[in-house]
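Quick note: residue numbers are just sequence positions, from 1. Numbering of ligands and ligand atoms starts at 1, following listing order.
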Amino acid sequence: MLRKIFIANRGEIAVRIIRACAEMGIRSVAIYSEADRFALHVKKADESYCIGSEPMSCYLNIHALVDLALATGCDAVHPGYGFLSENAQFARACKERGLIFIGPEPEVIHRMGDKTEARQAMIAAGIPVTPGSDGNLHSVNEALQVAEKIGYPVMLKATSGGGGRGIRRCDNAEELTRNYDRVISEATKAFGSADVFLEKCIVNPKHIEVQVLADHHGSVIHLYERDCSIQRRNQKLIEIAPSPQLDEAQRQYIGGLAVIAAKSVGYTNAGTVEFLLDDSGRFYFMEMNTRVQVEHTITETITGVDIVEEQIRIAAGLPLRFRQDEIVRRGYAIQFRVNAEDPKNNFLPSFGRISRYYAPGGPGVRTDTAIYTGYEIPPFYDSMVAKVIVSALTWEDAIKRGQRTLRDMGLFGIKTTIPYYLKILKHPQFRIGKFNTGFVEQNPNLVNYSDKPRPEVLASVIAAVVASHTGL
Ligand code: ADP
Ligand code: ADP
Ligand code: MG
């Protein structure tokens, strides 16, 4: 088994990995930027090292991180999500210097991280993909020709994109012409690559993704699917496992497809195969994420499998402990990404000091977060500050538990998406489990909630009343 793991990440996912290490008797090494000096992962790891003053780039410095991992005596590196997690160069640098990278082989990361190559690989494996361009586009004229052939609306996408960025829907030739250079410049800035491609836009699809685990001994299994259709601007907000929108036959079919997809590219470790589901019940491969996902938590909740622990075991060369028929699923789990944003103000980021935080609790509740009372959220990173996961045996009960839990959570000092989620939980379409990726846009009125007086305000009111009666 591994002895010491270097965590090339920050925030809640670093804390999540530290927890897995602690349970497995593995030492953990955390890193932090100066801006992250007071971050929770720094306090929780067995050892923590400051890696610089540049808030973002220090977490992306491949050679410095590999050197530090070796200098601190680590035998493996866990990249988490975001940052270097899907960077094949980083995985290769680890491997070349004798460190185990907790993820698939560098070649597989490279191939699946390139969305056009991934599409080609899936077509070769017989997996349905959306109609689209053969590889990357070379000019706006080529884009217009391809779009004419597959029919509008089309999606113009950055080949190395991620995190919901570098994607534009184009409804006609004029929009495609207008967006072409825009997406290229966005892709260059965000991902360091100007490559773009086209695929048919599936109108108001469901986003269904399948969690897979693959060991180094030829076993590949899936842990069922997640429904991530509740999105804003192609970014996930609420995720559900299993999808309330699939029947059992569809569930078996999509799980099987994901296993074929993973096997066909020699995949190892944990990964996610993302699909779109259209109104006629057809699935299309969209992309594969070669890392642990933000929403791995809900799969853990319904299956009881600790995905981060399995990642570590697989990386250590151990065979999978479960056969497909031993994976049992129970009930429903919902994850809410609590973002430091103001929904009423076009989801503007709302960083600052958390004046008070009370974690929700009770049955069927899990919180994965790196915040605490007094913590100042640095403005340099992702706005997601907590993940609240609830579970229950039925969909209806999971919704009720979600309502109770989000109200149970006390998070003061910043604006968050919590009140917005409470509105979504009341929506009839959500309650009957029928929604698609257009839900947020189709329901702009959900930001019209009233901000209830907070306990802090009430406390001062009560103090004033008490004072007036006691004459103090
Ligand atoms: P998930 O697929 O796990 O739901 P997201 O798409 O929400 O993950 O991305 C998780 C984090 O990783 C976000 O902070 C996102 O901005 C970042 N991220 C994902 N893909 C990339 C990429 N290709 N380049 C840069 N950052 C990325
Ligand atoms: P990322 O790497 O940023 O996660 P994806 O390719 O997974 O990018 O797409 C993110 C989201 O964009 C999807 O969940 C979906 O809502 C939307 N999307 C992407 N491609 C299409 C498409 N061809 N048709 C309709 N929606 C799409
Ligand atoms: Mg995706």
Atoms of ligand 2 close to [X] [distance to a heavy atom under 4.0 angstrom, numbered from 1]:
X      : result
Glu199 : 20 (N), 21 (C), 22 (C), 23 (N)
Met155 : 18 (N), 21 (C), 22 (C), 23 (N), 24 (N), 25 (C), 26 (N), 27 (C)
Leu276 : 21 (C), 22 (C), 23 (N), 24 (N), 25 (C), 26 (N), 27 (C)
His207 : 13 (C), 14 (O)
Gly162 : 1 (P), 2 (O), 3 (O)

Asp382 to ligand 1: N or O pair under 3.5 Å? yes
Is ligand 1 under 4.0 Å from a heavy atom in the side chain of [X], in the backbone, in both, or in neither?
X      : answer
Lys236 : side chain
Val294 : both
Gln235 : neither
Asn289 : side chain
His296 : neither
Phe83  : neither

What protein heavy atom is closest to [atom], reported as residue, atom name and distance in Å?
atom                    : answer
atom 12 (O) of ligand 1 : Gly82 CA, 3.1 Å
atom 4 (O) of ligand 2  : Glu287 OE2, 3.0 Å
atom 6 (O) of ligand 2  : Lys157 NZ, 2.9 Å
atom 24 (N) of ligand 2 : Ile202 N, 2.9 Å
atom 17 (C) of ligand 2 : Asn234 OD1, 3.5 Å

Would you say ligand 2 has an N or O under 3.5 Å from any N or O of [X]?
X      : answer
Met286 : no
Thr437 : no
Gly164 : yes
Gln231 : yes
Gly163 : yes

Could you establish whether [X] and ligand 1 come within less than 4.0 Å of each other, counting only heavy atoms on the residue side?
X      : value
Arg337 : yes
Ser160 : yes
Gly161 : yes

Given [options], which has its nearest heavy atom closest to [atom]?
atom                    : options                        : value
atom 25 (C) of ligand 1 : Glu209, Met384, Lys115, Arg165 : Arg165
atom 9 (O) of ligand 2  : Val129, Thr272, Ile167         : Ile167
atom 8 (O) of ligand 1  : Arg291, Glu295, Gln293         : Arg291

Give the C-alpha distance, both sets of side-chain angles, the deciding distance and a yes or no for salt bridge (Lys or Arg N to Asp or Glu O under 4.0 Å) between Glu274 and Lys236. CA-CA 13 Å; Glu274 296 190 337; Lys236 300 160 187 167; 2.9 Å; yes
Arg168 and Glu175 ion-paired at < 4.0 Å: no
Can you name the N, O or S atom of Glu287 that is closest to the Mg ion (ligand 3)? OE2
Can you tell me if [X] uses its side chain to pair, donor with acceptor, with the backbone of [Y] under 3.5 Å?
X      : Y      : answer
His110 : Gln89  : no
Gln324 : His222 : yes
Arg119 : Phe285 : no
Glu142 : His138 : yes

Which atoms from ligand 1 have a heavy atom of Tyr81 less than 4.0 Å away? 10 (C), 11 (C)
Determine whether the side chain, the backbone, both or neither of Lys200 has a heavy atom under 4.0 Å from any heavy atom of ligand 2. backbone
What verdict does the salt bridge (Lys or Arg N to Asp or Glu O under 4.0 Å) test give for Arg178 and Glu174, after you've listed the backbone C-alpha separation in whole Å, the side-chain angles of each residue and the deciding distance to 0.1 Å? CA-CA 6 Å; Arg178 184 151 35 88; Glu174 193 251 317; 3.2 Å; yes
Test Arg291 against every option in His78, Gln311, Glu86 by the side-chain hydrogen bond (donor to acceptor under 3.5 Å, both in side chains) rule and name the one that passes. Glu86
Ile312 CD1 to Ile5 CD1 distance, which is reported to the nearest 0.5 Å: 4.0 Å
Hey, what do you get for CD (Glu209) to OG (Ser229), rounding to the nearest 0.5 Å? 9.5 Å
Could you tell me if [Y] and [X] have a donor-acceptor pair between their side chains, going purely by distance under 3.5 Å?
X      : Y      : answer
Arg337 : Thr417 : no
Tyr81  : Asn289 : no
Thr369 : Tyr375 : no
Ser383 : Glu341 : yes

Check: Phe439 ring centroid to His427 ring centroid under 6.0 Å: yes
Does Tyr420 have its ring centroid less than 6.0 Å away from the ring centroid of Phe347? yes
The Mg ion (ligand 3) reached by Glu274 (N, O or S, under 2.8 Å): yes
Which atom of Glu54 lies closest to which atom of Cys58, heavy atoms considered: O-SG, 3.0 Å
Determine the minimum heavy-atom distance between Val305 and Ile327, stating which atoms define it. CG2-CD1, 4.1 Å
